[in-house]
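As C-alpha cells, the structure follows; a few thoughts come after it.
Residues take their numbers from the sequence shown, with the count starting at 1.
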Amino acid sequence: MRLAVTGATGFIGARLIDRALSGGYEVTALARDPERIAAGRGSGLRVERWSVGDPLPPLGRTDAVLHLAAYIPADLSDARQAARCFEINTNGAIQVAMEAASQGVKRFVLFGSAQVYAPGTGPASEASPAFPVHRASYYLASKLAAEICLLALGKSNAMPVTVLRLASVYGPGMHDTGMVPVFVQTLGNGRSLIIQDGGRYSVDLVYVDDVVTLALQAAERAEGGVFNAGSGRASTSLEAAQIVADAVGAERQLIAVERGSTDAAPSGFRALDVSKAANELNYAPLSFREGIEAWKSMTGLTDFQDGSVNA
C-alpha cells in the first residue's frame, strides 16, 4: 500500500512513517524541511519538500493521504492569528484534498482535535456538540471548519475522507513540554512535583502508537466519517502523576498537591467515547498506565532529563 504523509517531521508524523515502513508500506513524506527526516529508512521512503499552500507533488498511485500538517499559533488566544489558522488549517487542507482527489488518491485521513467538543458530562462521542469557545478557539475553529469542508468534499468527489479527533497524545518522540513530559522528567530525576488546581485537571491521554494504528486502519479500511482517537477514559493530573511515579520508581510522597478553589469546576477535557472506532476499525487503545509501561519498555523513560517542577 502507498501512503503520502504531510507534517512528516512532527511527533505523530514521524512515528507514523516509521510504523508504516516497518509494515511494508511505501511512503511519500511531505515536509518543509526534508533534511530533518532521518536517512537510511529503506527504499520504501520517498521525501519531497512541500509546505501547505504549495501544489501537491505528483503522488503516483498513492492509496491514501494522511494530512497532519497544521499551523498552531504560539499564542492560542490571539485573535490576530485567526486568519493564518484558517489559511493553513482550513483552506490549505481543502487544497490538499482537492489535489489528492484529482490525482486519483483513494482515501484521505485528516488529523483533527478532540478539544473541539463542548464541555459536558460523560465521554464525548462523535455526535456530541462541538463548540470550541473555551480555549484555543481560533485554532480549533479552523480545524473544525476543515473537518466540515473536507467531509463534504469527500462525498462530492467520491473520495472517502476520514477525520480522527485526537485526544492528548503522548509517547516516544514527543516534545519535552506539556504535562506528561514534565511528570516524567521531574519524577524521573527524583525531584518534587507540585500539582496545581487540586490535581483535578482531567484529560484523555492516548498513546501515540494507538493513534498510528488507528490512522493506518483508517487509511486501509475507513469509508469516511469522524472517529474519536483517545484512550476512552480520562485521567486527572494527580492520577497521571502517580502512574508516572510508579513507572519511574519514584516515591509518591514527591507529589504535592496545591489546593485549588473548592468552588471551581474541574478543568480539562472530556474523555472520548471510542466505541465507534473499536467497532468499525478494531481500535483497542491502551490505558494511560499501560501506555506509560509500553513507553518505558521502549526507552526506559529516559527521553527527558531536565525540566521545571510545576505542572
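- Just one residue in the list Q95, M98, Q103, E48 forms a side chain to side chain contact (heavy atoms under 4.5 Å, CB included) with L56, and that residue is Q103.
- By the 30° and 60° cut-offs, the orientation of the rings of H67 relative to W50 is perpendicular.
- With no hydrogens or angles considered, no side-chain donor-acceptor pair links R191 and T186 at under 3.5 Å.
- In this structure, the separation between CG on L66 and OG1 on T6 is 8.0 Å, given to the nearest 0.5 Å.
- Side chain of T90 to backbone of S142: a donor-acceptor contact under 3.5 angstrom is found.
- With hydrogens and angles left out, the side-chain atoms of Y25 and E220 include a donor and acceptor closer than 3.5 Å.
- Side-chain contact, E87 with Y71: no donor N or O sits under 3.5 Å from an acceptor N or O.
- Side-chain atoms of R49 come within 3.5 Å of backbone atoms of R32 as a donor-acceptor pair (strictly under, hydrogens ignored).
- You'll find the side chain of L216 reaches within 4.5 Å of the side chain of L16, heavy atoms only.
- In this pair, Y207 and Y170 present their aromatic rings tilted. The plane angle is within the 30 to 60° band.
- V5 is listed as a side-chain neighbour of L68, based on a closest heavy-atom distance under 4.5 Å.
- For the pair E239 and R289, the salt-bridge criterion is not met [side-chain N within less than 4.0 Å of a carboxylate O].
- Looking at R107, its side chain does come within 3.5 Å of a backbone N or O of A222 through a donor-acceptor pair.
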